[in-house]
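The block underneath contains the structure these notes are about, expressed in structure tokens.
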2 protein chains.
Amino acid sequence: MAKAYERIADELRDSIRAGQLAPGDRLPAESELSERFGRSHVTIREALRVLQTEGLIEKQHGRGSFVRQPRTKVRRTNERHQWEKDRARISEEQRSETGAAEHDTGLTVNDLVFRASYRDGAASPEIAKAMGIPEGTPLLERVYRTRYSAERAPLGLITSHLVRERIEANPDLLDETKEPWPGGTWNQLLTVGIEIDRIEELVTARPPTAEEAEELDLPPGTSVLQLRKTSYDTEGNVAEMSDVILPGDRTELLFTTHLERW
Amino acid sequence: MAKAYERIADELRDSIRAGQLAPGDRLPAESELSERFGRSHVTIREALRVLQTEGLIEKQHGRGSFVRQPRTKVRRTNERHQWEKDRARISEEQRSETGAAEHDTGLTVNDLVFRASYRDGAASPEIAKAMGIPEGTPLLERVYRTRYSAERAPLGLITSHLVRERIEANPDLLDETKEPWPGGTWNQLLTVGIEIDRIEELVTARPPTAEEAEELDLPPGTSVLQLRKTSYDTEGNVAEMSDVILPGDRTELLFTTHLERW
DNA sequence: GAGTGGTCTAGACCACTGT
DNA sequence: CAGTGGTCTAGACCACTCC
């Protein structure tokens, strides 16, 4: 007495798990499944929808439904922060070879495309709370994308918040045509006397908004990883806070924690 | 010429974002929406499904559709590792004293273990690779749940893998009736001469399997955070590896990275 | 044009929640 | 019991892909 669409989903799921349907294979057409199971078009589609939200299949309009290939993941580590900090003080030429995103992906600078836009803002209640500053504090907000040139979709959507007053000593930092910041964010912060002491990263998972799904080219049912990165300076104040939206199906985050020895 | 269900979804989404429909509010019945928009039952349901997968509404059979309340999140930090390590060597009485104090600082460890089951296993290719050991190495696998006393659904599903040979010097570790391990995992590892030096945590997001959705009481569209925690001893070998499945809608992970000072 | 999945209808009936 | 959402049908037509 189980629901029809569940029985059909179960049967197809078993076929996939057993390997009778391998990754990349096309499933039988909906019309054929409809006939085989003696159920209507709508019921078949409901069954396929179950498998789709489980991430097992992918539907392509006009072509068919396919068993999903596991996506190759881009790994982002927290060791990159020390690496970036070290890099901020080495020479310009050595530095120009690579950037932080390359550290994670192993790609060279030519493969990566950045697009940045700056805008002035003021701290909303939520941002103010997260940064430990008064509401309405003038901010510089940088919005950018990192993208691997061979792929259509960005690796991540980033919004970065900086307190304007703390960085305006260096006019380059307010000019979006200077992006990516020569020498990287860390080097530029150094020019205005800011040294980062610790970084907190708050990770959550949630469904994408319609806009995010569009921009990151996320298949239905995929979620995003949201990473709120807060950088504290040596006085314990927030120097920068950024929100990073990462596609859940092709990102993995690696955090290493070193412990004191006994 | 937009699709009808998208227009309807857009309109309802706008109402929610504008606050005309507040969290907890019931949406108009499907039959009423059907009449209002002049569309069939199925089309209305398609529109509501869009909002559901965006996490904006929650449907309850027989009661109605409701604007979702943001869930209160359980925070898990990586500072807990140092704290746990420190705790492993202090006396039993001191341990119970500090429990409450640390709880206030956000390092919650008063989750209670219920239902632990042990089984003997051998390292699969995937596990062997992750632990850096030969395939087929005898393992002790502990499967357990942590939950807060007040809540129904577990906070996480955990499978922990230990190399049998390294821990069998202490028979208590092989006995599932001794769970939770007196003094905690760290203290018990200490009894067999293992000191943990560093921990790697690999975080990914994915849709839940049907079983996980059931056990964690996840609404449709919610994803899980998968955390693979690998503990390395002072020789650089893997002492323990565990997979933790966390509900994406009520978990946040906080990682702090301390940097070397200039 | 043939074959695929996507949207939609009008209506039936089932299953769950409340009173 | 009335009111809600959940399953299902039979059929129409649309939109996309590939040959």
Side-chain angles (χ1 to χ4, degrees), chain A residues 1-13 16 21 24-68 152 210 213-214 217-222, chain B residues 1-13 16 21 24-68 152 210 213-214 217-222:
Chain A
M1 194 52 217
K3 291 156 234 171
Y5 77 90
E6 284 184 351
R7 278 189 289 102
I8 297 168
D10 288 346
E11 185 165 329
L12 293 170
R13 191 188 298 107
I16 293 170
L21 288 166
D25 283 0
R26 209 196 77 185
L27 272 67
E30 294 181 359
S31 55
E32 194 196 320
L33 291 171
S34 179
E35 202 173 333
R36 185 199 302 179
F37 289 100
R39 294 291 173 169
S40 75
H41 184 197
V42 174
T43 300
I44 298 298
R45 288 178 56 73
E46 188 65 27
L48 294 180
R49 175 169 254 146
V50 169
L51 301 178
Q52 192 178 20
T53 63
E54 288 172 6
L56 288 174
I57 68 168
E58 182 174 351
K59 310 190 82 178
Q60 292 183 36
H61 194 173
R63 307 219 312 125
S65 299
F66 300 84
V67 179
R68 251 183 109 180
R152 310 189 305 280
E214 165 77 18
D217 192 24
L218 295 173
T222 310
Chain B
M1 198 47 223
K3 291 157 238 175
Y5 76 91
E6 284 184 351
R7 278 190 289 101
I8 297 168
D10 287 347
E11 186 165 330
L12 292 171
R13 189 187 301 106
I16 293 171
L21 288 167
D25 282 1
R26 209 195 77 183
L27 273 67
E30 294 180 357
S31 55
E32 194 195 319
L33 291 171
S34 177
E35 203 173 331
R36 185 201 300 178
F37 289 101
R39 294 293 174 168
S40 73
H41 184 196
V42 174
T43 300
I44 298 299
R45 288 178 55 72
E46 188 65 28
L48 293 181
R49 191 186 307 254
V50 169
L51 301 178
Q52 193 178 20
T53 63
E54 287 172 6
L56 288 174
I57 67 168
E58 180 173 352
K59 310 190 83 178
Q60 292 182 36
H61 194 173
R63 304 218 314 125
S65 298
F66 300 83
V67 180
R68 252 183 107 178
R152 306 160 299 283
E214 164 77 16
D217 192 24
L218 295 173
T222 311

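Residue numbers begin at 1 in each chain, while the letters A, B, ... track the order of the sequences.
More than 12 heavy atoms of other residues, nucleotides or ligands lie within 6.0 Å of CD in B:Glu6, so this atom counts as buried by the packing criterion.
Atom CD of A:Glu30 is separated from atom P of C:dA2 by 20 Å (rounded to the nearest Å). Put simply, CZ on B:Phe66 is 10 Å from C1' on C:dT17, counting in whole angstrom units. The separation between A:Leu33 atom CG and C:dG3 atom C1' is 14 Å, rounded to whole Å. Atom NE2 of A:His41 is separated from atom P of C:dC8 by 13 Å (rounded to the nearest Å). One can place NE2 of A:His61 at 12 Å from C1' of D:dC13, the figure rounded to the nearest angstrom. If you take CD of B:Glu6 and C1' of C:dC8, they are 14 Å apart, rounded to a whole angstrom. Nucleotide D:dC8 holds its C1' atom 11 Å from the CD1 atom of A:Ile8, rounded to whole Å. Taking atom CG on B:Leu27 and atom P on D:dG5, their separation rounds to 9 Å, with Å as the unit.
The side chain of A:Tyr5 places an N or O atom within less than 4.0 Å of a non-bridging phosphate oxygen (OP1 or OP2) of D:dT7. Considering only side-chain N and O atoms, A:Thr43 lies under 4.0 angstrom from the phosphate OP1 or OP2 of D:dT9. In terms of phosphate contacts, A:Arg26 brings a side-chain nitrogen or oxygen within less than 4.0 Å of OP1 or OP2 of C:dT4. OP1 or OP2 of D:dG6 lies within a sub-4.0 Å distance of a side-chain N or O belonging to B:Arg45.
A residue-by-residue look at B:Lys59 and A:Ser40 shows that B:Lys59 has its nearest nucleotide of DNA chain D further toward the 5' end. For A:Ile44 and A:Arg63, each mapped to the nucleotide of DNA chain D holding its nearest heavy atom, the one lying further toward the 5' end belongs to A:Ile44.
Comment: B:Lys3 does not engage B:Glu46 in a salt bridge, judged by the lack of any side-chain N to carboxylate O separation of less than 4.0 angstrom. The pair B:Arg7-B:Asp10 does not meet the salt-bridge criterion, since no charged nitrogen lies less than 4.0 angstrom from a carboxylate oxygen.
When distances run from any side-chain atom of A:Lys3 to the nucleotides D:dT7, C:dC8, C:dG5, the shortest one goes to D:dT7.
When heavy atoms are screened at a 4.0 angstrom cut-off, A:Glu46 is found touching no nucleic acid atom at all.
In this structure, the side chain of A:Ser65 does not engage the main chain of A:Glu58 through any donor-acceptor pair within 3.5 Å.
For the atom pair OH (B:Tyr5) and CZ (B:Arg39), the distance works out to 12.5 Å, reported to the nearest 0.5 Å.
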